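Down below is the structure, laid out as structure tokens.
These numbers were taken from a predicted model, which means no experiment stands behind them. We use all heavy atoms of the structure for the numbers below, so side chains are in, but hydrogens, waters and symmetry mates are not. Chain letters run A, B, ... following the sequence lines, proteins first, then strands; residues in each count from 1.
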There are 2 protein chains.
Amino acid sequence: MRASFTREDADTRRQALIEATAESLAAAGVAGTSVRAICTRAGVSPGLLRHYFEGIDALIAETYRHVTAMVSQSLALAVDGAGRDPRARLIAHVTASFRPPVSDPALLSTWLAFWSLVKTDPAIAAIHADSYAASRRDLEALLAENGLSAARAIPAAIALTALVDGLWLELTLDATTFTPEEASAMAVRWLDTLLGDPKI
Amino acid sequence: MRASFTREDADTRRQALIEATAESLAAAGVAGTSVRAICTRAGVSPGLLRHYFEGIDALIAETYRHVTAMVSQSLALAVDGAGRDPRARLIAHVTASFRPPVSDPALLSTWLAFWSLVKTDPAIAAIHADSYAASRRDLEALLAENGLSAARAIPAAIALTALVDGLWLELTLDATTFTPEEASAMAVRWLDTLLGDPKI
DNA sequence: TCCCTTGTTATACACGTGTATAGTAACGGG
DNA sequence: CCCGTTACTATACACGTGTATAACAAGGGA
């Protein structure tokens, strides 16, 4: 007997497949993420993947785009919600990195899977370069709002990103060693150092 | 015709297989690292892998152990070579993270592959936990040498590790945005902040 | 020099992979 | 109500995977 099904809107199905891919990458890693694994998770037959995407590689790339957009949007939303004070906006950006939905074990797993692909798959590398450049541009703008010249904002953005990424990684890999509040406090301290005396 | 071969010492062959695995992970990622890929790279027939290891998963785990030991040894060597001055030893530890053989594109690729496995493979997770605990213990000892109490050394180790990891990641992912010297300078500045006024 | 141990190769097998193709049923327009 | 479009399922295929097994030859000890 042929399985019954309902026809869905194209966007709905694409979204479901993208989310199933993210979940699969988080739960089973790159190795365990196959066409059949994704489609089972999405409640759909394997053949449907090729109806909406050029292949599994294209779907994974699309999922990466989706995840980076979500993170960047979360940070932008936090900054916007912080009002007009430049320092408050910068702190909001940093703090949001250590709170859901950005700091989330499943997201970290997915993210690590993508990082491992950056060095291997050129398409993923291109998406990574774009997303990374955009996020650094945003951060440099926030630092400029706080009175840093362009010459100082560039290295400061690198330094701040590095600490935030490192803390995010540690926090999400093992949430028992310290808390989001401690992470925020550390980042703010680093921020004050970078905004202060221009030693670098 | 059967291919000619030479019998090698067990340690030599194991080492060759481990290094081939690391190279394959760096070049082709987790997905491209198969029994045949590893053995071809090691100049050996596929069957030999099972003669020296329980399977490909065990070989990958062994490779992870090998790589983490190499990094930890490199850092320890740098610290030892810095003499007795506590501050110089701490700076040596940090600086070595941004220089070969620790900062090396191939090593980063391998490392990212392992990180993606930490969330998936329990055996890899166990090795990661061990290695991570050991490295933090070392760093806390160096911080204690520099006059930090245990209560302050623990968060300081987390904060310093986070920045060093983040800078190491950025530097090795894309070596054009800043230099190892700049990375070291940033880390030393953070170090001075952490060793100074106990705001955290 | 021969033989015996065993490191090494070669082959086979069952299974999982991504994708191509054909067939079917869901749903909207007439 | 029926009919056409097409989203969707089911099946098939060639290939790559990890591992088990058997055959072989390299190299040392007698």
Side-chain angles (χ1 to χ4, degrees), chain A residues 1-21 23-25 27-64 113 116-117 120-124, chain B residues 1-21 23-25 27-64 113 116-117 120-124:
Chain A
M1 194 187 89
R2 197 162 257 255
S4 73
F5 60 91
T6 55
R7 295 179 167 219
E8 294 288 346
D9 179 54
D11 280 349
T12 307
R13 271 282 138 84
R14 290 176 65 90
Q15 197 69 13
L17 284 167
I18 285 173
E19 267 158 32
T21 304
E23 287 170 20
S24 175
L25 285 173
V30 183
T33 297
S34 63
V35 172
R36 287 160 181 81
I38 292 170
C39 290
T40 299
R41 205 175 273 269
V44 140
S45 84
L48 198 62
L49 191 152
R50 292 255 319 152
H51 193 80
Y52 287 106
F53 298 93
E54 210 174 317
I56 191 177
D57 291 340
L59 173 53
I60 288 177
E62 201 59 44
T63 304
Y64 189 29
S116 75
L117 292 176
T120 292
D121 181 345
I124 298 286
Chain B
M1 195 187 87
R2 198 164 257 255
S4 74
F5 60 91
T6 55
R7 295 179 168 219
E8 295 288 347
D9 179 55
D11 279 349
T12 307
R13 271 282 138 86
R14 290 176 64 91
Q15 197 70 13
L17 284 167
I18 285 173
E19 267 158 31
T21 304
E23 287 170 20
S24 175
L25 285 173
V30 183
T33 297
S34 63
V35 171
R36 286 160 181 82
I38 292 170
C39 290
T40 299
R41 205 173 273 270
V44 139
S45 84
L48 198 61
L49 191 151
R50 291 258 317 155
H51 193 80
Y52 286 107
F53 299 91
E54 209 175 317
I56 192 178
D57 291 341
L59 173 53
I60 288 177
E62 201 58 45
T63 304
Y64 189 29
S116 75
L117 293 176
T120 293
D121 181 345
I124 298 285

Heavy-atom closest pair, residues [X] and [Y]:
{"X": "A:V35", "Y": "A:I56", "result": "N-CD1, 3.6 Å"}
{"X": "A:R41", "Y": "A:A27", "result": "NH2-CB, 3.8 Å"}
{"X": "B:A113", "Y": "B:L25", "result": "CB-CD2, 4.1 Å"}

Return yes if some donor-acceptor pair links the side-chain N/O of [X] with the main-chain N/O of [Y] below 3.5 Å, else return no.
{"X": "B:T12", "Y": "B:E8", "answer": "no"}
{"X": "B:R14", "Y": "B:Y52", "answer": "yes"}
{"X": "B:S24", "Y": "B:A20", "answer": "no"}

Neighbour count above 12 (heavy atom, 6.0 Å) for B:E54 CD
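Counting neighbours around CD of B:E54, 12 or fewer heavy atoms of other residues, nucleotides or ligands fall under 6.0 Å, so no.
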Sub-3.5 Å pairs of nitrogen or oxygen atoms, protein against nucleotides 28-30 of chain D:
none

Is there any protein nitrogen or oxygen under 3.5 Å from a nitrogen or oxygen in nucleotides 13-16 of chain C, and what are the pairs?
none

If I take atom [atom1] from residue [X] and atom [atom2] from residue [Y], how far apart are they, to the nearest 0.5 angstrom?
{"X": "A:D57", "Y": "A:I124", "atom1": "CG", "atom2": "CD1", "value": "8.0 Å"}
{"X": "B:L17", "Y": "B:E19", "atom1": "CG", "atom2": "CD", "value": "10.0 Å"}
{"X": "A:D11", "Y": "A:Q15", "atom1": "CG", "atom2": "CD", "value": "8.0 Å"}
{"X": "B:L59", "Y": "B:I38", "atom1": "CG", "atom2": "CD1", "value": "5.0 Å"}

Tell me: [atom1] of [X] to [atom2] of [N], nearest whole Å?
{"X": "B:D9", "N": "D:dA26", "atom1": "CG", "atom2": "C1'", "value": "15 Å"}
{"X": "A:I56", "N": "C:dA20", "atom1": "CD1", "atom2": "C1'", "value": "16 Å"}
{"X": "B:L59", "N": "D:dT19", "atom1": "CG", "atom2": "C1'", "value": "14 Å"}
{"X": "A:L49", "N": "D:dC8", "atom1": "CG", "atom2": "P", "value": "12 Å"}

When you match B:R50 and A:G47 each to their closest nucleotide on DNA chain D, which lands nearer the 5' end?
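In this pair, the answer is A:G47.
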Starting the side chain at C-beta, find the nucleotide from C:dA26, D:dG18, D:dT9 nearest to A:R2.
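That would be D:dT9.
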Can you pull every protein N or O that's under 3.5 Å from an N or O on nucleotides 5-7 of chain C?
from	atom 1	to	atom 2	distance (Å)
C:dT6	O2	B:R7	NH1	3.3
C:dT6	O2	B:R7	NH2	2.3
C:dG7	OP2	B:H51	NE2	2.8
C:dG7	N3	B:R7	NH2	3.4

